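All residue numbers in this chain count up from 1 along the given sequence. Below, each value reflects all heavy atoms present in this structure, side chains not excepted, and no hydrogens, waters or symmetry copies. These figures come from a predicted structure and were not determined experimentally.
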Amino acid sequence: MYARATATTPVAALGGNATSHRRRHLSKRVWMPIRPEPIGYGTPNTPRRLLIANDASTTSDQRPRNSAATIFAANEDRKGMNAGQPMEVAGLFDKQAEIYVKGRPTYPKEWYSTLAALTPQHSLAWDVGTGNGQATVGLVEHYDQVVASDISEAQLKYAIQHPRVRYIHTPTSISDDEMVDLIGGGHENSVDLVTVAAAIHWFDLPRFYSLVKRLLRQPGGIIAVWCYNGMVVSPDFDLVMKRFLENCLQFWDPRTKYAWEGYTTLPFPFEMVGLGREGKPIILEIAKELSFQGVERMLRSFSAVATAKDRGVDLLSEDVIKELHRAWGAHDLVRSVTYKAFMLVGKL
């Protein structure tokens with residue numbers, strides 16, 4: 001809850017051109033092949049440009065995406081949900097699973113390089129609340145195997161496929177012992193990196209953290225959770241977007257509170273490693289190039305939009321879309337968009 005990381009910490013590595021730790025690791029042995037919600041304005045912390053992702057090859061228009069399951073379900077940038085969470089939460093994202101896969105951003109390669117540099121071993125990573133696998137795809141360059149879990153079968157149907165990624169459906173009925181079997185092959189102390197992208201705010205936190213403590217490798221295992229809650233485009237567009245978000249307020253699930261507060265109030269009972277700590281996440285930025293069509297897909301993937309529709313309210317009516325479009329500009333105009341993100345990283 002206290003000090004922000006300084007330039008002498010691993011934060012400095014986030015902007016660097018880190019060598020792939022997977023490539024370095026595999027050069028020594030045989031490689032055997034084997035996936036936020038709310039977008040808002042004004043997070044509690046002042047953003048610092050610690051990391052920029054501006055890779056057109058990884059936009060959400062080109063790759064399916066950002067949350068967990070039994071514990072965890074698909075992202076509200078969503079990825080995820082947990083055991084202990086009612087099944088209807090998974091349903092919030094089931095309805096727009098196909099839109100979600102194209103509407104959410106992927107994450108900067110440097111994030112994964114930095115996290116991989118913190119784990120001495122690179123055998124197994126677990127992406128919790130994977131949704132469509134937007135965060136999962138960045139892990140395969142660094143880890144031999146990646147297990148990606150989600151409570152939503154509909155989200156998993158659209159997941160990005162890779163020969164070293166194993167997607168598993170983890171319904172609320174699954175036990176913790178079964179999770180250890182599915183994730184670690186029955187072995188505790190076996191996971192090098194646990195990631196949760198824009199999803200942990202949906203979890204049963206005591207149960208999830210208990211499971212992480214069983215599965216995370218000791219010593220050397222790392223857990224990283226992140227999300228985004230702000231998008232900056234231009235003064236005109238941002239104002240229209242703010243009005244749209246105000247209309248969404250009554251339809252957000254209360255569990256998104258942690259995300260709106262930038263994870264500053266999220267319990268995070270892990271030892272700091274220089275990349276944020278409980279109460280003080282590091283502040284990041286994700287830069288993307290988007291068309292208006294891409295922005296509209298993102299908005300339609302919001303759980304609040306689906307909830308409102310179920311209640312007979314169309315938050316993205318023709319008039320609202322026209323107002324957003326006018327503020328954006330020409331239909332084929334591609335704009336620079338900056339997502340305001342935040343991250344907590346720790347170890348046991």
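Side chain to side chain, Tyr143 and Thr119 meet the donor-acceptor criterion of an N or O pair below 3.5 Å. Judged by distance alone, the side chains of Trp126 and Thr195 never bring a donor and an acceptor atom under 3.5 Å apart. Of the N and O atoms on the side chains of Glu261 and Thr264, not one donor lies less than 3.5 Å from an acceptor on the other residue. Between the side chains of Gln145 and Ser123, no donor-acceptor pair is found at a separation under 3.5 Å. Under 3.5 Å, the side chains of Thr106 and Lys288 contain a donor-acceptor pair of N or O atoms. The closest side-chain donor-acceptor pair between Asn132 and Gln155 falls under 3.5 angstrom.
Note on ring orientation: taking the six-membered ring where Trp is involved, the planes of Trp252 and Phe302 are tilted (angle from 30° to 60°). A tilted orientation is assigned to the rings of Tyr263 and His201, their planes being inclined by 30° to 60°.
Ion pair Lys322/Glu318 flagged as a salt bridge, since at least one NZ, NE, NH1 or NH2 atom sits closer than 4.0 Å to an Asp/Glu carboxylate oxygen. Taking the charged nitrogens against the carboxylate oxygens, Glu323 and Arg243 do have a contact shorter than 4.0 Å, which makes a salt bridge. A salt bridge is absent between Arg335 and Glu289: the closest approach of a Lys/Arg side-chain nitrogen to an acidic carboxylate oxygen does not fall below 4.0 angstrom. The existence of a salt bridge linking Arg214 and Asp177 is confirmed by a sub-4.0 Å separation between a basic side-chain nitrogen and an acidic carboxylate oxygen. Between Lys309 and Asp314, none of the side-chain N atoms (NZ, or NE/NH1/NH2) sits under 4.0 Å from a carboxylate O, so this pair counts as no salt bridge.
Taking each heavy atom of Leu205 and Tyr258 in turn, the nearest pair found is CD1-CE1, 4.0 Å.
For the pair Asn229/Phe342, a side-chain contact is recorded, criterion being any heavy-atom separation below 4.5 Å from C-beta on. Under the 4.5 Å side-chain criterion, counting only non-hydrogen atoms from C-beta, Ile168 is in contact with Val147.
Residue-environment remark: CD (Glu246) exceeds the threshold of 12 foreign heavy atoms within 6.0 Å.
Linking ILVMFWY residues whenever their side-chain heavy atoms come closer than 4.5 Å, directly or via other members, leaves Val337 and Val334 in distinct clusters.
Taking the six-membered ring for Trp, Phe292 and His325 have ring centres closer than 6.0 Å.
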